[in-house]
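Here is the structure we will look at.
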Amino acid sequence: DAKTTQPPSMDCAEGRAANLPCNHSTISGNEYVYWYRQIHSQGPQYIIHGLKNNETNEMASLIITEDRKSSTLILPHATLRDTAVYYCIVRVANTGGFKTIFGAGTRLFVKA
Amino acid sequence: GAVVSQHPSWVICKSGTSVKIECRSLDFQATTMFWYRQFPKQSLMLMATSNEGSKATYEQGVEKDKFLINHASLTLSTLTVTSAHPEDSSFYICSARDGRTAPNQPQHFGDGTRLSIL
């Protein structure tokens, strides 16, 4: 089972910041938080990941709370092309490594 | 960035046919590859994990004789759907990561293969 919970859907106005929350209350000390998104009929696209410090790249910012039990993905200026399902993931231990289990994600609608 | 190429993008075939899907990591060595399937309006479901040179580890409920996975090199994995039937119609997505550089490296995904069995 996925180790994260997210709201099923969110709306955002074009040009505004989109803030997507995620709860991961059972995360352990050395587990990273990963964010991916899936645009219709495509494979998931990696966005960003972090451990405990806030992270920023050309796509988004990731804010992780001090207790690491939740995080927020921020798209600073959402565009129509950012409409997608966004997945927040904490990987699950697997034989010889980790595996990525997807939850239901958050369906973000960016509206003109 | 890391690129994963999946081929074919679409395949339509008759019931009873076996179908092979290829997944290649183009600019990195994939020590681990993952295969997912996705039904309409659902999330991705992990089918199996394979480490290069080893047998794949299948998730509960996934038939290993039905979905044959080969990961013989660090850049190529294949999924063969044997004797496919209409209920096997789905969107199949591969993913790869290089676990040698750093354990926290993200997985990268192919663009998926839409399989339709008539």
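So you know, we letter chains A, B, ... as the sequences are listed, proteins then strands, and number each from 1.
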- Query: Can B/F28 be reached from B/W35 by stepping across I, L, V, M, F, W or Y side chains whose heavy atoms are under 4.5 Å apart?
  - Reply: no
- Message: So which atom in A/Y34 and which in B/N104 form the shortest heavy-atom distance, rounded to 0.1 Å?
- Response: OH-O, 2.6 Å
- Same apolar cluster: B/Y92 and B/L68, side chain cutoff 4.5 Å: no
- Strictly under 6.0 Å, is that where the ring centroids of B/F109 and A/F102 end up? yes
- Report the C-alpha distance between A/Y46 and B/Q107 in whole Å, list the side-chain angles of each, state the deciding distance to 0.1 Å, and finish with yes or no for side chain to side chain contact (heavy atoms under 4.5 Å, CB included). CA-CA 8 Å; A/Y46 164 74; B/Q107 291 175 218; over 6 Å; no
- Is the number of heavy atoms from other residues, nucleotides or ligands under 6.0 Å of B/H85 NE2 greater than 12? yes
- Task: Could you tell me the separation between the CD atom of B/Q105 and the OH atom of A/Y32, rounded to the nearest 0.5 Å?
- Result: 9.5 Å
- Task: Evaluate side chain to side chain contact (heavy atoms under 4.5 Å, CB included) for A/Q45 paired with B/H108, printing each intermediate quantity in order.
- Result: CA-CA 7 Å; A/Q45 177 189 24; B/H108 295 278; over 6 Å; no
- Which heavy atom of A/P44 sits nearest a heavy atom of B/L44, and at what distance? CG-CD2, 3.7 Å
- Joint hydrophobic cluster, A/I27 plus A/L73, side-chain heavy atoms closer than 4.5 Å: yes
- Query: How close do B/Q38 and A/Y87 get, heavy atom to heavy atom, and via which atoms?
  - Reply: NE2-OH, 4.1 Å
- Query: Applying the 4.5 Å side-chain criterion to the ILVMFWY set and letting contacts propagate, would A/V85 and B/F91 be lumped into a single cluster?
  - Reply: yes
- Query: Can you get from A/F98 to B/F34 by hopping between Ile, Leu, Val, Met, Phe, Trp and Tyr side chains that sit under 4.5 Å apart?
  - Reply: no
- Query: Would the number of heavy atoms belonging to other residues, nucleotides or ligands and lying under 6.0 Å from NZ of A/K111 be above 12?
  - Reply: no
- Item | Which atoms of A/R91 approach chain B - backbone, side chain, both or neither, heavy atom under 4.5 Å | side chain
- Minimum heavy-atom distance between A/T100 and B/Y36, given as atom pair plus value: O-OH, 2.7 Å
- Rounded distance [0.5 Å steps], CD in A/Q42 versus OG in B/S9: 11.0 Å
- Query: What part of A/Q38 is in contact with chain B, defined as an atom under 4.5 angstrom from a non-hydrogen atom: side chain, backbone, both or neither?
  - Reply: side chain
- Message: Atom CZ of residue position A/R68 - does it have more than 12 heavy atoms of other residues, nucleotides or ligands inside 6.0 Å?
- Response: yes
